[in-house]
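Following: one structure in structure tokens, then a few remarks.
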Amino acid sequence: MSIVDTLTPVGGPTLLQERRVVTAIPGPRSQELLDRKAAAVPAGVGHTVPIAAVAAGGGVVVDADGNSLIDLGSGIAVTTVGNAHPKVVAAIQAQAAQFVHTCFMVSPYESYVAVAETLNRLTPGDHAKKTALFNSGAEAVENAIKIARKYTKKQAVVAFDHAYHGRTNLTMALTAKAMPYKSGFGPFAGEIYRAPMSYPFRDGLSGAEAAKRAITLIEKQIGADNLAAIIIEPIQGEGGFIVPADGFLPAVVEWCRANDVVFIADEVQTGFARTGAMFASELFDIVPDLVTAAKGIAGGMPLAAVTGRAEIMDASHAGGLGGTYGGNPLACAAALAALDVFENDGLIERAQQVGRILIDRLTALQNIDGRIGDVRGRGAMVAAEFVDPETNEPDAALTAAVARACIAEGVIVLTCGTYGNVIRFLPPLSIPDELLREGLDVVAAALAAR
Ligand SMILES: *Cc1c(COP(=O)(O)O)cnc(C)c1O
């Protein structure tokens, strides 16, 4: 069965795979919910698409007014297997009927161990590995830093320009962008340092040159003797889908190996077939010491993991790692179902197909419109960067206007980038090709109208 054929939610009606706009967006029922939201939920919890979602699957999200929107965002790279994937839904239902929680640190259960075994097998490298489970990407990143510090007995951590690692205190410190993620929320955790990223479209450096620039800064301003870990997204997510130049990541990994520094790949956004490989590290031929994963891992259930070299993972004392809900049974059941889909239903090939459709269409658009400065990405993680064609300066206003117009026309697109001038495409891999093409037609029309 192809992933595109798995559209029927278990026990639910088949969702018509179509773009259907029957009211203004938001329609009256959605507006009613948004009014309640404004009164009950703080303004800090924003939203991108002004609808009240009532169903989703395949390549669409349906709202309370009967609008059916083409989903090019997957709830931020989460529903890669498709929303309410039948295997995921069945696994959650079966587990819920057995038990919902024991706390793994109180009474262990098999599904947690099975998720750990699967991740130990699927993550890059054939060294001995261990996995600990958590609830969110930020929590996984926090724990990866804890684990690296305990193992190396060092404290400093390097993150990169444009990095995004989460919204908790330590991960805000690791994250680069002030607005909206950090502004006013300090003071931030100490011993975090920032190095320059490889950003080929803007720095014009080769991978080797960019790595030398970063490593020189690290050696001069921090010192390997003080450095516990370097954390990096192999392809940056929120920062603008920045793909580093060839050779950059291998040079950084090599330097880490030579200097007793733990190399952490934050694959929270890039993991699980999204980039046309199970993990993006594979695309760059690197083997991280630790990998953080979340988002796509469990078909929409909250679950996160740190997987890494057994000797590093085992350096933390008993009771030093964990959390009440980490590796919740429902989330683990969902993850085992989703991981089975990733491995056995051809999702890596599907991500590559989706990527070709995205790259071909966006490149064709770029050829006729100089305001698209760069098209980049791997697999089904692709972005277009919008610029002033004369100066290459970021054009955040155009980007926001195009994204708003797409949503009004029933296509969910997300923006990103340090300069807010990137539209990112992260469709669920269950989206039918025609729907993906129609979504891109809407993007093209929205751009042409501006
Ligand atoms: C989303 C994201 C996080 C944070 O994950 P949450 O589940 O939102 O805490 C961390 N790192 C990367 C690369 C991400 O994309």
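Side-chain atoms are counted along with the backbone in the values below, which use heavy atoms only and exclude waters and symmetry mates. Counting convention: from 1, in listed order, for ligands and their atoms alike.
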[X]: numbered ligand 1 atoms lying under 4.0 Å from its heavy atoms:
X: K295; value: 1 (C), 2 (C), 3 (C), 14 (C), 15 (O)
X: G137; value: 4 (C), 5 (O), 6 (P), 7 (O), 9 (O)
X: E233; value: 13 (C)
X: D266; value: 10 (C), 11 (N), 12 (C), 13 (C)
X: S136; value: 7 (O), 9 (O)
X: A138; value: 4 (C), 5 (O), 6 (P), 9 (O)

Within 45° of the six-membered ring axis of F272 and under 6.0 Å from that ring's centre, is NZ or CZ of K295 located there?
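No, K295 and F272 do not form such a contact.
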Does atom 8 (O) of ligand 1 have any protein heavy atom closer than 4.0 Å?
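Given the 4.0 Å limit, the answer for atom 8 (O) of ligand 1 is no, no protein heavy atom qualifies.
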If you take the centroid of each ring, where Trp contributes its six-membered ring, are Y109 and F99 closer together than 6.0 Å?
yes
Indicate whether the side chain of [X] and that of [Y] have a donor and an acceptor atom separated by less than 3.5 Å.
X: H317; Y: K150; result: yes
X: R350; Y: Q353; result: yes
X: T131; Y: N120; result: yes

Looking at residues at least two apart in the chain, or sitting in another chain, which of them share a salt bridge (Lys or Arg N to Asp or Glu O under 4.0 Å) with D71?
none
